Amino acid sequence: MPDFHNPTGNLMSDGERSAVAEALRRAGTRPIVDETVAEVNLVGEPLPRPFSAYHPGTITVGGASKVYWGGLRIGWLRVPGALMDRLVDARTTVDLGAPVLEQLALLELLRTQPGLSADRREGLVAARDAVAQALRRRIPEAEFGMPRGGLSLWVRLPDLSATEVALAAEAEGLLLASGPRFAVTDGLDHWLRLPYVLPVPELVEAVERLRRAIDRVRADRASRPRRTTTRPRTRPARPLVA
């Protein structure tokens with residue numbers, strides 16, 4: 001996911017795309033690239049060239065739900081010509097095709113409003129900035145960068161388990177994804193994903209609930225009896241909250 005990666009928001013440079021493409025060629029691996037948020041560009045700067053420019057064998061996945069609205073569940077593939085018939089045949093064995101009404105709606109949108117609208121971009125920028133400001137004010141220990149695109153902040157809590165915080169947040173009526181959900185193996189347990197796709201007042205309230213969840217985890221930790229043995233700690237359970 002080279003364009004505004006989920007959850008980090010990172011954007012691969014041209015040099016990074018070239019290096020990864022070359023490594024994949026050497027390994028004989030075909031890239032499958034997710035461009036579903038490539039158009040959620042919040043700064044309006046030109047993006048690097050598509051990954052397929054560096055690896056002609058790339059299969060690219062795109063979709064409409066992140067640019068227009070979440071209920072428009074229409075996606076597409078761009079593939080090398082030699083693969084087209086195989087993929088079309090495989091598709092017909094899975095389902096009967098995309099719904100016609102949604103396809104017609106998307107066709108009209110692509111004609112009249114291609115890409116992210118100015119209003120949508122302004123709304124996402126305002127939401128992102130509101131979450132960042134609320135985090136700095138209410139959770140100053142949180143660490144994060146300001147993404148230039150995408151739909152979420154990737155937040156580090158240096159001295160806490162994000163899994164524990166996410167579980168505590170559920171009790172506050174706040175559902176968050178903790179870092180281990182995005183890790184290939186165990187890891188990233190100091191990280192949380194905070195989407196900024198709700199109205200600003202709700203996002204500010206979400207940060208308040210996150211503050212209460214963090215305080216709950218800290219209080220619970222302080223109340224635990226101190227360990228009197230040196231036995232190794234068990235590995236944390238997988239997170240339960242999406």
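Starting from 1, each residue takes its place in the sequence as its number. None of the values given here were measured: they were computed from a predicted structure.
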Check: residues 80-91 side-chain donor-acceptor pairs under 3.5 Å, at least two apart:
unit_1, atom_1, unit_2, atom_2, d
Arg91, NE, Asp95, OD1, 2.8
Arg91, NE, Asp95, OD2, 3.4
Arg91, NH2, Asp95, OD1, 3.4

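- Dense packing is recorded around CG of Leu110, with more than 12 heavy atoms of other residues, nucleotides or ligands lying under 6.0 Å away.
- At distances below 3.5 Å, not a single donor-acceptor pair connects side-chain atoms of Arg138 with backbone N or O atoms of Val207.
- Under the 4.0 Å criterion applied to side-chain N and carboxylate O atoms, Asp3 and Arg17 are assigned as salt-bridge partners.
- A donor-acceptor pair under 3.5 Å is formed between the side chain of His190 and the backbone N or O of Leu160.
- One hydrophobic cluster, built from ILVMFWY side chains closer than 4.5 Å, cannot hold both Leu203 and Trp154; they sit in different ones.
- Counting only heavy atoms from C-beta outward, the side chains of Phe144 and Met146 approach each other to under 4.5 Å.
- Atom CZ of Arg148 has 12 or fewer neighbouring heavy atoms from other residues, nucleotides or ligands inside a 6.0 Å radius.
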Under 3.5 Å donor-acceptor pairs involving side-chain atoms of residues 58-65, not counting sequence neighbours:
unit_1, atom_1, unit_2, atom_2, d
Thr58, OG1, His55, O, 2.7

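- A salt bridge links Glu22 to Arg26: at least one charged side-chain nitrogen sits closer than 4.0 Å to a carboxylate oxygen.
- Asp14 and Tyr54 share a side-chain donor-acceptor pair at under 3.5 Å.
- Note on Arg211 versus Asp215: salt bridge recorded, some NZ/NE/NH1/NH2 to OD/OE distance being below 4.0 Å.
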Review item, side-chain donor-acceptor pairs of residues 36-43, under 3.5 Å, at least two apart:
unit_1, atom_1, unit_2, atom_2, d
Thr36, OG1, Asp34, OD1, 2.7
Asn41, OD1, Val43, N, 3.3
Asn41, OD1, Gly44, N, 3.1
Asn41, ND2, Glu45, O, 2.6

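- Note that CZ of Arg216 is 12.0 Å distant from CZ of Arg209, once rounded to the nearest 0.5 Å.
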